[in-house]
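Reading through the structure tokens given below for one structure.
Within every chain, numbering begins at 1; the chains are lettered A, B, ... in the order of the sequence lines, protein sequences first and strands thereafter. What you see below is based on every heavy atom in this structure, not just the backbone, and it leaves out hydrogens, waters and symmetry mates.
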Amino acid sequence: MSAATAFPPRPQPGAPRPYSFPHFERRTLGNGMTLIVAPSHKLPVVSAIAVIEAGAVCDPVGREGLAALTAAMLPEGTASLDGEALALRFERLGASVTTGADWDVATAGLTVTRPHLESALALFADMLTAPSFPSRELERLKAERMAELLQLRTEPRGLADEMMSRFIYAPESRYARPEGGTPSSVAAIEARDAGELYSARYRAGGTTLVIAGDVTVDDATRLAKDAFRGWSGGAPSPVRTVDAPTAAPRGVHIIAKADAPQSEIRVAHVGIPRMHPDYFRVVVMNAVLGGLFSSRINLNLRERNAFTYGAHSEFEWRRGAGPFVVSTAVASEVTAAAAREILAEVDRIREEPISDEELTLATSYLSGVFPIRYETTSAIATAIANLVLYGLEDSYFDSYRSKIQSVTAKDVLEAARRHLDPGRLRLTVVGDATKIREPLEELGAGPVVAYDTEGTVIG
Amino acid sequence: MQIPIETFRLPNGLFVTLSEDHTAPIVAVNLWYHVGSANEREGLTGFAHLFEHMLFQGSEHVGTNEHFETIQRAGGTLNGSTWLERTNYFETVPSNHLESILWLEADRMGYLLPGMTQQKLDLQRDVVKNERRWSMDNQPYGSWWEKLPALCFPSSHPFHHSLIGSMEDLSAASLEDVATFFRTYYTPDNAVLSIAGDFDPEQARAAVERYFGPIPRGPGKPPLRDMSLPPVLGERLRETVQDDVALSRVFLAFRSPVFGSDEYYAASACAAILGMRRGSRLYRNLVREQQLAQDAGAFTYDLAKGADLLVLDVTARPGVRSDELERAIEAEVDRLREEGVSAEEVERAQALIESDFIRGMQLAGERADQLSKFATFFGEPRLVNEQLERYRAVRPADVDAFARARLGENNRASLIYVPRVAADVEEAVAAGAGA
């Protein structure tokens, strides 16, 4: 009724205010450990991350899961404190501590308020340099991992991710088996395995400690020197895994889950290593294809077809070639239709150049969101830890945005042609086989094989 | 830790809170509408959440998908969420885009309906049905979101019914329902707008006045049904669900004091003592010592009206029966009630709560959300600066008093998940079919 015509026109953004990633400095401690400190004084909080050359690629064959278990054992006891006492000490300081192993490295993280930094860092160092690996706790963590694996059989998302990796990599690749190991490989791990992995690879020389937050370089250096003074050891030799794709012919893999109301779909092949010269082109290309809400795959599957709550694509970055994977979950009836749309989007981005609008959406998003990614001390520390992990230059953050903005539509097309290979894309679908099998057979993406949730062929 | 806070109210009732922080060139905008699933009418469960989806579908001056695209093009992040008592919409963007964000939010507050079509509603209805399948129907234990409030709140209570809604109700929602809901609840006098981060307060205020000022006040919203509840459930409630899960899991819930009350802070400390991290009682005794549990946690819903829920959430080890696990959890609760808590336990809880709070407040988006929360529930965003003091004021005697009053047998509700296969076996054994 009332005239709602007075709404003002859309405002134009002003000039962006300058931003630089927090300045950081490197130090080498007397024991060979590298220290990187990034002062950032917004709130009285400090985060630390230790990067250790002890990721899942170090797992011995048949004992997959050892690196993860070794990292998980760090807070389970030291020479002077048992696991419970250590947890209580940390928690009374309000400190939050995590340990874990990803594919390439193990990491230990700490976040604590500034007044408690000194005490917490001393405990953190005790945990990293003098773990006791009590066998009772090792057996408990192994049992917990077994239970997790059992749970995974009923959890469609995790199951789809795990099975996808198994199907796309060569069987001898470490990447073909879960980071945390399988029931048989975890069962084979003994306490002395963890001790041996620790002695071989948790060494001052190969470790970088990143400290970010409300602390000066000098104070952080003094605290780190003091806390880690008893540690020693030279850098362990690097470990590489086979990251070759499977030689098996292309196919569609159904993991049968009776009465599943939805299908979890993964469309994947082996991608490229993080340090590939096409990295920035591939990042922009993926942002157009499926990395964002407003990307082609989500607009197609969610906003045009209402097949799903969400769909996205990703290049998972590792030192070796991680997977390229498109992930979504759709109702059983539209499983094949959704898979067809995904394959069509991969074809399309290889056939014709993306529009200017699409290019600028991707590049302006990626460069604009850059400061928003580093609001917290733990995000800053993690970003620097990634520099260490991949051996990137210290100037990496300063040139990130200009490198993103220099990517052209032609670069994107070339990157898509080089790094997306429709003929190699394999489908993994966790769903109701009785409803989805026939339509998937008509997809033309290779023969359909059905498995049970353990991965055994059932038909 | 204190953050700077300014407030003002527009003549149309919109309450605005501002908190400056210039450490990075980014700004967060956060809008809370004081409407959630509790405001839904019978037969329209899930509507508040479905409506949230519609707010991303364009308005009079913004095309379909343009809202998302505009913000992503700016280099911003965005989303919305629906809860029992409120719905929020939030963005974090490079600070030079603040005005565009205010413009976008004002357009969908003032001029949504010209952008609505039956086709958009049908599409988002299907998206929400897929969200339901993804988050609940095809997830182990996923139905707890729906079953726990249903078990703990009486059927007449606004918190009883499903937030994401039933498939039938979602199908029944009409474009007319969208229009009515919008006119009733999405009005400036039923909203709080918060801005946190790198902005100039004078300019921000002028922009808010320019874009939100012309939007007319709403007609007033219908009162909620009576929310008040006795302090305890009054009986021992229990529901067992056979599900496609590998491990049994027990949710043990207690009716607890509403968010913001003095007793709430004692309840939070109690929850942390029982279930927060590895130094908590449930972890130390059930996970580490007895090895009955795979994992243990505790949380509160933080409901500000009627009653809150404190929930213990424990997953069994394989082979551990759900009744055995439930007894072990209750034994810990009983022991806490009988013996009380120690000063060290309360201090541990306070230290963890405090550092989590400070860590969260590093994010502009979290600051803006906290400001909106306290402004919406209590009319006073400055309460955010008193939170740490209120947690710190809790003494062991307060936790003990809370436990005595609220953790007794007459205030327990168990939602128990058991693996379908194990349930079949147990039944078969009970029926004597084992031979």
Nearest 0.5 Å please: distance from the [atom1] atom of [X] over to the [atom2] atom of [Y].
X	Y	atom1	atom2	value
A:T308	B:D126	OG1	CG	11.5 Å
B:F199	A:R17	CZ	CZ	12.0 Å
B:D295	A:Q151	CG	CD	8.5 Å
A:S96	B:L352	OG	CG	8.5 Å
B:R73	A:T363	CZ	OG1	8.0 Å
A:T328	B:W134	OG1	CH2	10.0 Å

Residue selection (most heavy-atom pairs with chain B, distance under 4.5 Å) from [options]:
options	value
A:R92, A:K257, A:E91	A:E91
A:S378, A:A379, A:S364, A:A260	A:S364
A:E264, A:H116, A:R136	A:R136
A:P44, A:P18, A:P261, A:A362	A:P261
A:G83, A:G310, A:A329	A:G83

How close do [X] and [Y] get, counting heavy atoms only, and between which atoms?
X	Y	value
B:N96	A:G14	ND2-O, 2.9 Å
A:G368	B:P94	O-CG, 3.5 Å
A:P8	B:W103	O-NE1, 2.8 Å
B:P140	A:P156	CD-CD, 4.0 Å

For the side chain of [X] and the backbone of [Y], is there at least one donor-acceptor N/O pair under 3.5 Å apart?
X	Y	result
B:S355	A:G94	yes
B:N130	A:Y309	no
A:K42	B:Q362	yes

Can you say whether [X] sits under 4.5 Å from chain A via the side chain, the backbone, both, or neither, judging by heavy atoms?
X	result
B:V128	neither
B:A106	both
B:P214	neither
B:A364	both
B:M276	backbone
B:E289	both
B:Q124	side chain

Is [X] in contact with chain B via its backbone, its side chain, both, or neither, using a 4.5 Å heavy-atom distance?
X	answer
A:R304	backbone
A:A87	side chain
A:S367	neither
A:L43	side chain
A:T360	both
A:F307	backbone
A:E357	both
A:T377	both
A:A15	backbone
A:L152	neither
A:R153	neither
A:A95	backbone

Between B:Q139 and A:R157, does the side chain to side chain contact (heavy atoms under 4.5 Å, CB included) criterion hold? Intermediate values first, please.
CA-CA 9 Å; B:Q139 264 302 296; A:R157 294 175 215 165; 3.1 Å; yes
If the condition is salt bridge (Lys or Arg N to Asp or Glu O under 4.0 Å), which residues does B:R288 pass it with, not counting sequence neighbours?
A:E76, A:E137
Top of [options] for chain A proximity - count of heavy-atom pairs under 4.5 angstrom:
options	value
B:D21, B:L102, B:D107, B:T77	B:D107
B:D137, B:N138, B:T70	B:N138
B:E99, B:R359, B:H53, B:R348	B:R348
B:H97, B:R317, B:E354	B:R317

Mind checking whether B:H61 and A:F7 have parallel, tilted or perpendicular rings, split at 30° and 60°?
parallel
Testing B:I26, B:D198, B:T92 for side chain to side chain contact (heavy atoms under 4.5 Å, CB included) with A:P371, which one passes?
B:I26
After noting the C-alpha distance and the side-chain angles of B:V287 and A:E144, does the key distance pass the side chain to side chain contact (heavy atoms under 4.5 Å, CB included) rule?
CA-CA 9 Å; B:V287 179; A:E144 288 175 7; 3.4 Å; yes
Are A:S294 and B:E69 close enough that a side-chain donor and a side-chain acceptor fall under 3.5 Å?
no
Judged by modelled atom types alone, do B:Q294 and A:E148 share a side-chain donor-acceptor pair under 3.5 Å?
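Absent: no donor and acceptor within the cut-off.
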Quick test of your reading of the model: are A:R10 and B:E66 salt-bridged, counting only N-O distances below 4.0 Å?
yes
Does a side-chain heavy-atom distance below 4.5 Å link B:R278 with A:P75?
yes
Contact check, side chains of A:P11 and B:Y211, non-hydrogen atoms, under 4.5 Å
yes
Walk me through it: do B:T23 and A:H41 pass the test side chain to side chain contact (heavy atoms under 4.5 Å, CB included)?
CA-CA 9 Å; B:T23 47; A:H41 302 285; over 6 Å; no
Heavy-atom neighbours of B:D200 CG exceed 12 at 6.0 Å
yes
Test side-chain hydrogen bond (donor to acceptor under 3.5 Å, both in side chains) on B:Q291 and A:E139 and set out the steps.
CA-CA 11 Å; B:Q291 303 196 21; A:E139 290 308 315; over 6 Å; no
